Amino acid sequence: MPIIETQALTRRFGRTEAVHDLTFSLPEGSVCALLGPNGAGKSTTIKLLMNLLRPTSGQARVLGVEAPKLRPAQLAQIGYVSENQLLPTWMTVRQFLDFCRPFYPTWDRALESTLLNRFELPEERRLKHLSRGMLMKAALLSSLAYRPKLLIFDEPFSGLDPVVRDDFVQGLLEAANTGEWSALISSHDIDEVERLADRIVMIDAGRLQLQESTESLLGRFRRMEVNVNGGTARLQATPSSWRELERAGDRVRFVETQFAAGATEARCREHFPQAAVTANPMTLREIFIALARTQRSANTAAA
């Protein structure tokens, strides 16, 4: 049974449809990156999953329960960290942890101590006197220490410096090594997400664009470079899987979205006879940008 599952999930605000007919699932034990440009509907989707918003139509299930029916027993198994999270800033770090602990029967004091040391949190300092990075670390610690089955993050890296982001990621990885958990991470910091996620869900304008394993996505995208060496190039009727095709002098570049070793190079030579063909792997960030540009062009053409 998926730990998160949506079916035709839709949320409207007046005439604006923030999430449209969204269907995806997260298998238990997976770490899923929820990606999309600004305004894609990522935060609205997370609020629907957490029952902070009610859907206009469709359904979301979390831990096998419909989101509007989540009760304390389920919420005690979910860790939630958001860039806009409100914390009791008048408390010290120690008081904050002491306050949280009784709500969670599964709270692990040893893990709490380990994360306190890793994050170098000053236990006697009030939360309001912490930097943004330290505040996010305190929120993360309070969400990891009870070993939740599901972690949900809404832009957890926003505004954090590279060292703090690395501490954050290392804390997640350390927690992953001590127990079985699943996570949904919405973030624009795609380089950090790539270190964590084994699944990708991409949405745009509230609509699903893709959902697949990170390995599959990275495997099927390549940035192709073709040196025609003064030869001719047949650019008409190129395959639909070729995106962002451009030519500069003797070089032709494009993104192949359905790469297959050997077959892709052979297909290139059908269009570029006797050309030298190079296939370069792409990062998740590069793939995201290529897909976002393609969708933006499609949206512009349809307008």
Side-chain angles (χ1 to χ4, degrees), residues 4 31 33-34 42-53 62-63 67 70-176 178-179 181-189 192-193 196:
I4 289 176
V31 178
L34 180 62
K42 302 185 298 299
S43 290
T44 300
T45 298
I46 286 177
K47 289 176 181 177
L48 291 167
L49 293 173
M50 294 297 296
N51 194 31
L52 299 175
L53 289 173
V62 180
L63 300 177
L70 289 170
R71 296 296 180 264
Q74 289 82 41
L75 294 173
Q77 301 176 67
I78 301 172
Y80 175 60
V81 178
S82 168
E83 64 173 331
N84 298 317
Q85 195 163 351
L86 295 177
L87 299 177
T89 55
W90 56 271
M91 289 184 177
T92 65
V93 171
R94 172 51 54 199
Q95 289 169 335
F96 175 54
L97 296 177
D98 289 344
F99 171 78
C100 293
R101 198 179 300 113
F103 291 101
Y104 302 100
T106 57
W107 191 282
D108 186 331
R109 292 295 294 266
L111 180 56
E112 173 193 327
S113 179
T114 296
L115 293 174
L116 268 173
N117 290 331
R118 167 169 287 284
F119 292 158
E120 298 180 334
L121 283 166
E123 297 183 48
E124 304 308 320
R125 189 175 301 172
R126 295 188 188 278
L127 297 179
K128 66 182 177 182
H129 296 145
L130 296 181
S131 66
R132 172 167 172 72
M134 285 293 188
L135 268 178
M136 292 303 293
K137 288 181 182 181
L140 178 61
L141 193 161
S142 69
S143 295
L144 291 177
Y146 54 92
R147 298 183 179 279
K149 289 185 177 179
L150 174 64
L151 290 162
I152 295 181
F153 298 103
D154 188 4
E155 295 296 343
F157 308 113
S158 178
L160 304 185
D161 67 53
V163 174
V164 175
R165 285 203 302 270
D166 190 68
D167 286 345
F168 200 101
V169 171
Q170 290 301 322
L172 286 176
L173 294 174
E174 189 164 320
T178 60
W181 53 275
S182 310
L184 179 68
I185 306 174
S186 169
S187 177
H188 287 106
D189 290 278
E192 302 295 351
V193 166
L196 293 165

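Only heavy atoms go into these numbers, but all of them, side chains included; no hydrogens, no water, no symmetry mates. Note that the coordinates shown come from a computational prediction; the quantities given were computed from them, not determined experimentally.
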Going from CZ on Arg118 to CG on Leu115, what distance comes out if it is rounded to the nearest 0.5 angstrom? 8.0 Å
Quick one: pull up CG in Leu97 and CG in Leu121 and give me the separation to the nearest 0.5 Å. 8.0 Å
Donor-acceptor under 3.5 Å (Thr114 side chain, Ala110 main chain): yes
Rounded to the nearest 0.5 Å, what separation is found between the CD1 atom of Ile46 and the CG atom of Leu184? 5.5 Å
Spacing of CD1 belonging to Ile78 relative to OG belonging to Ser143, to within rounding of 0.5 Å: 11.0 Å
Taken in chain and number order and not counting sequence neighbours, the residues that satisfy side-chain contact (heavy atoms from CB on, under 4.5 Å) with Phe99 are Met91, Phe103
Using 0.5 Å steps for rounding, measure from the CD1 atom of Ile4 to the CG atom of Leu150. 4.5 Å
I'd like to check the ring-ring contact (aromatic ring centres under 6.0 Å, His included) partners of Tyr104; sequence neighbours left out, ordered by chain and number. Tyr146
Taking it one step at a time, do Leu130 and Val93 satisfy side-chain contact (heavy atoms from CB on, under 4.5 Å)? CA-CA 9 Å; Leu130 296 181; Val93 171; 3.9 Å; yes
Nearest heavy-atom contact between Ser142 and Ala139 is OG-O, 2.8 Å
Rounded at 0.5 Å granularity, tell me how far CG in Asp98 sits from OG1 in Thr92. 7.5 Å
In chain order, what residues pass the side chain to side chain donor-acceptor pair (under 3.5 Å) check against Glu155, with sequence neighbours excluded? His188
Side chain Asp108, main chain Leu111, donor-acceptor under 3.5 Å: yes
Applying side chain to side chain donor-acceptor pair (under 3.5 Å), which residue pairs with at least one partner in residues 80-90 are found, sequence neighbours left out? Glu83-Ser158
What one should report as the nearest heavy-atom pair of Leu127 and Leu135 is O-CD2, 3.6 Å
Who passes side chain to side chain donor-acceptor pair (under 3.5 Å) against Arg94, sequence neighbours left out? Glu112, Glu123
Using side-chain contact (heavy atoms from CB on, under 4.5 Å), reason through Trp181 and Leu144 one step at a time and then give a plain yes or no. CA-CA 10 Å; Trp181 53 275; Leu144 291 177; 5.8 Å; no
List for me each residue that meets side chain to side chain donor-acceptor pair (under 3.5 Å) alongside Ser43, sequence neighbours excluded, and say none if there are none. Asp154
For Lys137, give me all partners under side chain to side chain donor-acceptor pair (under 3.5 Å), at least two apart in sequence or on another chain. Asp167
For a quick test of reading the model, state the closest non-hydrogen atom pair linking Pro156 to Met136 and the distance between them. O-CE, 3.3 Å
Test: side chain to side chain donor-acceptor pair (under 3.5 Å). Region: residues 70-79. Which pairs qualify, not counting sequence neighbours? Gln77-Lys149
For residues 105-144, the ring pair (Phe, Tyr, Trp, His ring centres under 6.0 Å) pairs (sequence neighbours left out) are none
